[in-house]
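Working notes, structure below.
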Amino acid sequence: MCGIMGYIGTEKASPIISKGLKNLEYRGYDSVGVAMLSALSGSLEIRKGVGKVDDVQNQLKFDELDGNIGIGHTRWATHGTVSRENSHPHTDCAGKVAIIHNGIIENNIELKKMLLSKGHRFSGETDSEVIAHLIEDRMNSGDIGSVDSIGSVDSIGSVDSIGSVDSIGSVDSVGSVDSVGSVDSVGSVDSVGFVDSVGSVDSVGSVDSVGSVDSVGFVDSVGSVGSVESAESTRFGSCFEDACRWAFGQLQGSYAVLAMVEGADEIVAVRKDSPLVLGQADHGTFFASDVSPFLEWTKDVIYLQNHDFVVARKDSLRICNLIDGEVDRPVDTVEWSVEEARKGNFEHFMLKEIFEQAETIQKAIQQDREVVDRIVQMIQEGFGVFFVACGSSYHACMTGSYLMSKIAGVHVNVVLASEFENYEHFLTDRTLVFAVSQSGETADVLDAVKAAKRQGSKIVSITNVMGSSLSREGDELLMMNSGPEICVLSTKTYTSQVIMMVLLACALAGEDEDCARRVKELYMDVHNLTSKNMRERLRNLASLLVGKDHIYMIGRGLQYTTAMEAALKVKEVSYIHTEAFAGGELKHGPLALISEGTPLFVFVSRENEDRIISNAQEVKARGGYVIGVSDWDNPVFDYWIKVPDCGNLNPVIQAIPLQILAYELAVELGLDPDKPRNLAKCVTVL
Ligand code: G6P
């Protein structure tokens, strides 16, 4: 969902931004745009359009743009239709300020009303556009009230009036100023452009050059004034920063924003409840929604916190926090490699990531023993455990609740993060909330975490993205260690989550060693499932299913939650309506949907064999086409997907062939499995 990329440094920005935008495609988007500050003309150039990154950038020739400062954006429409006007960057009325934004500005209607009443003109319908106009409004107000002290300033553009100032440190250049009130003391000034009138100044240090000054009131003492050459061209560095700072302060909601202005060699940024990270290379600074877009240039990353305000220039980077003031953000090193974030020899990321699972599940089980022990203790000593998540992570949590019950005899409440507010009154300081999210940025999950924290509940975060919001929110953190997952659909992160659930349940039951051994043995089973033969078999099945309008799936217990995940995979990538039911529920409604040839997948394990097979027979008797997923063939199956029986690890084993089937269906239908329509990898809005 909305991707952000920015660069300022000594390299040409446009190819960097273009490549970064391409690397951000996986998040999901419908339009794309860039803003560059031309080094030749000094002007701000915006190019944007609807469509895929490759198409839009080829058509609009992003790479032709010169300059070392640029911002780029992939938009996933929320406020306003998919159109060029609504795509980012957005500008102010004068086209001098450009911004890109990810998140939702909740008070955009009030802000827009205020800005319209002041004469601002809007070009689109997005909530984001107000940000550019707010900045413009502040800059145009020319109103700098009373200031205690100004430190060192590179340049000041045009200012209508300055009230009283106690002291000004060193200033490189001052553009045109209409009037200056009273100033106590001015340190050293390199050059002053055009000043209409100066009130009273107590003392001036050394001034190198002064342009034209119309009138000077009363000056107590002047140090040395050098030669008067000519009025300097005006620039608006620090005022832009101030205007951004003010504008960001007006925003309610969630936002990661990059802003730039014609005439200032800087990018100003802020984040609150939307992801934004910085990459630091020798030649410059990168801004992005996550680390993957800039991995090929640098692995040195700064994870910004809420309300962090950043001013980056070619040779400097300043970060402060709009609430806490001065802050020191450490530079971390990302462990992910560039290769992990590339397709390699695979046609699609989805296939690559499915095939990585033999390894990724082994990494998922490798957790810090002490952290796991502490979590076990928290469960044992607490009162009430919630698993909270969305999408595939929710299915992993459902599976986890069965495993907790089955292996450890512990009851867990599983709640969709978007529904969590309905349970808030159960939360106490003894409640333990597991927040599970591969991206670590899902807004509903973060919102649930906030609610739980308000009640003093403890949080265990489970995520795949180090530095993500969720990774910083919890009392304890477990990382999935799956490496970057680029395809919008979760595959390897889902199976890693299930493995972590098995691990937690086994740790609670004191069976962790046995668990580690069984997961190790799973390596070959998973490897075999991703073999050429299996893929061919599933490709054949896909060709039988492509014409179908509906597919149903059933299971019981761990096979029910697996069916839920399998149905999600198939529907999101093939757009075929696919639904999962608990086997026992068939007779309570879904059976009415079965007619001649309706495909039904049946997930079977030795434990629930009799009942689920009799459910399958009920479907078969009504003309259904039964596809069995089990370790033995059964006469009721019209088609059999053979998987080994791995007991409590079946949710991993049985999910994988369905991931491959979903992939093959998409390919057969000519769809892009990595980027299903309307979906986003990282859902950063509520
Ligand atoms: C989106 C993705 C799904 C994912 C869900 C939850 O809908 O398309 O694949 O399962 O978000 O994401 P999370 O990052 O919180 O696990």
Side-chain angles (χ1 to χ4, degrees), residues 1-3 24-30 76 78 273-275 289-290 292 348-350 353-354 360 364 387-400 414-420 433-450 459-471 473-474 478-501 561-562 564-575 578 655 658-659 662-663 666 671-686:
M1 205 166 252
C2 294
L24 281 166
E25 278 192 302
Y26 79 97
R27 296 171 72 88
Y29 71 103
D30 40 60
W76 193 90
T78 54
D273 294 336
S274 277
S289 300
D290 60 59
S292 59
H348 297 100
F349 281 108
M350 182 173 178
E353 287 156 8
I354 291 172
T360 50
F387 283 179
V388 181
C390 304
S392 295
S393 300
Y394 171 73
H395 295 149
C397 287
M398 289 281 289
T399 304
V414 188
V415 185
L416 283 168
S418 54
E419 293 291 316
F420 190 62
V433 175
F434 284 77
V436 184
S437 166
Q438 60 81 21
S439 64
E441 298 292 355
T442 301
D444 283 318
V445 175
L446 297 174
D447 207 44
V449 166
K450 252 192 223 162
I459 312 290
V460 176
S461 301
I462 301 185
T463 185
N464 190 42
V465 181
M466 184 51 93
S468 61
S469 304
L470 186 60
S471 74
E473 288 290 342
L478 291 176
M479 294 297 299
M480 297 173 196
N481 305 325
S482 310
E485 189 175 68
I486 308 292
C487 174
V488 167
L489 285 82
S490 300
T491 52
K492 60 177 179 174
T493 55
Y494 169 75
T495 48
S496 292
Q497 287 166 349
V498 172
I499 291 291
M500 293 165 86
M501 295 293 171
T561 58
T562 307
M564 289 168 76
E565 171 59 9
L568 177 64
K569 286 292 85 91
V570 171
K571 84 174 84 158
E572 59 185 347
V573 79
S574 72
Y575 318 152
T578 311
L658 269 292
Q659 295 171 346
Y663 171 80
L671 303 170
D672 181 350
D674 288 339
K675 297 184 274 295
R677 68 178 177 206
N678 305 336
L679 299 183
K681 178 88 188 153
C682 197
V683 184
T684 50
V685 293
L686 292 175

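For ligands, and for the atoms within them, numbers begin at 1 and follow the listed sequence. Computed from a predicted model, the values in this text were never measured in an experiment. Basis for what follows: all heavy atoms, side chains included, without hydrogens, waters or symmetry-related copies.
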* To do: Output, in order, the C-alpha distance, side-chain angles, deciding distance and verdict of side-chain hydrogen bond (donor to acceptor under 3.5 Å, both in side chains) for E485 and T493.
  => CA-CA 7 Å; E485 189 175 68; T493 55; 2.9 Å; yes

* Excluding sequence neighbours, so at least two apart, what forms side-chain contact (heavy atoms from CB on, under 4.5 Å) with A666? -> V573, L671, P673

* **Exercise: do Q659 and Y663 side chains pair donor with acceptor under 3.5 Å** => no

* Asked: Is it true that K450 and D273 make a salt bridge, defined as a side-chain N closer than 4.0 Å to a carboxylate O?
  -> yes

* Is the backbone N or O of S482 less than 3.5 Å from a side-chain atom of K492, with the two atoms forming a donor-acceptor pair by type? -> yes

Below 3.5 Å only, please: the N or O atoms of ligand 1 paired with protein N or O atoms, distance on each line.
from	atom 1	to	atom 2	distance (Å)
ligand 1	8 (O)	A680	O	3.0
ligand 1	9 (O)	V488	O	3.3
ligand 1	9 (O)	S490	OG	3.3
ligand 1	10 (O)	S392	N	2.9
ligand 1	14 (O)	S437	OG	3.2
ligand 1	14 (O)	Q438	N	3.4
ligand 1	14 (O)	Q438	NE2	3.1
ligand 1	14 (O)	S439	N	2.9
ligand 1	14 (O)	S439	OG	2.6
ligand 1	14 (O)	T442	OG1	3.3
ligand 1	15 (O)	S437	OG	2.6
ligand 1	15 (O)	T442	OG1	2.5
ligand 1	16 (O)	S393	OG	2.5
ligand 1	16 (O)	Q438	N	2.8

* **Distance-only side-chain donor-acceptor flag, S392 / E565, under 3.5 Å** => yes

